2 protein chains.
Amino acid sequence: MSESVALDPVDLHILRLLQNDARTTYRELAAEVGVAPSTCLDRVARLRRSGVILGHRLRLDPARLGRGLEALLLVQVRPHRRELIGPFVDRIRALPESRAFFHLTGPDDYLVHVAVADPTDLQRLVLDEFTSRREVARVETRLIFQQWECGPLMPPTADGRNPATGSGTRPGS
Amino acid sequence: MSESVALDPVDLHILRLLQNDARTTYRELAAEVGVAPSTCLDRVARLRRSGVILGHRLRLDPARLGRGLEALLLVQVRPHRRELIGPFVDRIRALPESRAFFHLTGPDDYLVHVAVADPTDLQRLVLDEFTSRREVARVETRLIFQQWECGPLMPPTADGRNPATGSGTRPGS
DNA sequence: GGTGAAATTACAGCTTC
DNA sequence: GAAGCTGTAATTTCACC
C-alpha cells in the first residue's frame, strides 16, 4: 500500500515545474523556486526515493511513427477468472499497438488504448488479437478524435477546490 | 497533418532505449547502440526537430500525492455542438483531478481519466463538475482496479507482426 | 565520428534555525 | 538535528572540426 507523502511548498513548486518540462535544470529550478540548486537536487532525490517521482518518460507522437489512428477498446472477458486473465493481460501488454491498459469495474473488464496505422490495421488487431481469443466475449471499439493532456498532478486540497497554481498552471497545448 | 518520419535502425534503437528511461545519457546510448555519443546527440536532436519526440515527462505516483483512487468517466454531452463542447473541454482539462481526456466516437462522447483521494472525493467531482453541467447528459463511472504501461511505441511493421525488439523489450513493471 | 570547452550534476563539508 | 548553502570534482552536454 503506497502511502501519501508530506510535501512542502518547495516540493510542490518543483513538481509543478518538472511536470511542465522534465528536463528543467536544477539551476533553473533553483532560480524559479528561490532556493539553491543543490537544494533542488536534494529535493528531487528525496522525491525519487519516496516514490513520488517514478521516472522520466519520453513523450512521442504516434502519428510520426506511422501510427496515426488511435482507439480505445472496451473488452469483456468471460469467464473473468485469474487463470484466463493472466495470459490475456500479458499478451495485450506485449502488443506493439498497446499504449495503456486498464482493469476496470463495470460491464467492460478491460480498456486498451491502442495506436495503429489505419482502419485496416485496427481491424486486423481487433480480429487477430481480441475477438479470436476464447476468453474475449466482446470488444467495443471507440476511435479517438482528439486527446488532451491535463494540468500537473498535485495533491488534493482540503476543501476540494483547485490547488493554488503558483506560477501559472496552464495545461500544455 | 503530421506525416510519418523515416527512421533507421539506429533511430529506433535510441527511441527504444529512451522510452525505457528518458534520462539515459548519450554516452550510455552510444555504448548500447554502437555509435559515437555525438551521433546519438545528433539523432536525438533530429528526432526532436522532426516532431517524433515531443518532450520529456515526469512519471508520478498519484497515490503518493494523496490521489489513491483512479477512475474513468464516460461522458455523454447533449447537444454535441461546438458552442457547448468548447467550454466543457476547457473546464474538464483544467480540473486538478483530470489526468487525460479523450473525444471519442461511439455512444459516449468523452472519456476522462481522473485521480482522486477517495470515493467521497470522486462523488464530489462527478456531482459538482459533471452531472451539474447542463450539457452533460450522462456520466458513467468506472473505477480502475489496476493499470499497466505497455511496451515502447515503435513504427508498425509491414506484415503486422511485432517489430524486432532488439535488446529486450520488456515492458516496465 | 572525434575533441574540448561549457554546463550540469553529484557530493562533500559547513552553517543556520 | 534536519534542512539549506557554498565549493569542488566528476560527468554530461554540445559546438566545432
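Remember, it's a predicted structure, so these values are computed and weren't measured experimentally. Reminder, nothing fancy here: chain letters follow the sequence lines and each chain counts from 1.
Chain B approaches DNA chain D over the interval D/dT12 to D/dC14, counting the first and last nucleotide 5' to 3' with an atom under 4.0 Å from its heavy atoms.
Shown here are the ring pair (Phe, Tyr, Trp, His ring centres under 6.0 Å) partners of A/F101, two or more places apart in sequence or in another chain: A/Y110, B/W148.
Comment: A/R16 does not engage A/D11 in a salt bridge, judged by the lack of any side-chain N to carboxylate O separation of less than 4.0 angstrom. Using a cut-off of 4.0 Å between Lys/Arg side-chain N and Asp/Glu carboxylate O, A/E149 and B/R57 are scored as salt-bridged.
Summarising the geometry, atom CG belonging to A/L41 is positioned 13.5 Å from atom CZ belonging to A/R27; distances are rounded to the nearest 0.5 Å. The structure places CG of B/L58 at 11.0 Å from CG of A/L17, a figure rounded to the nearest 0.5 Å.
Surrounding CZ of B/R48 are more than 12 heavy atoms belonging to other residues, nucleotides or ligands, all under 6.0 Å away.
Not less than 6.0 angstrom separates the ring centroid of A/H113 from the ring centroid of A/F102.
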>> Return a single string for nucleotides 8-17 of chain C, one symbol per nucleotide in 5' to 3' order, where B is base contact, S is sugar-phosphate-only contact and - is none, cutoff 4.0 angstrom on heavy atoms.
In response: SSBB------
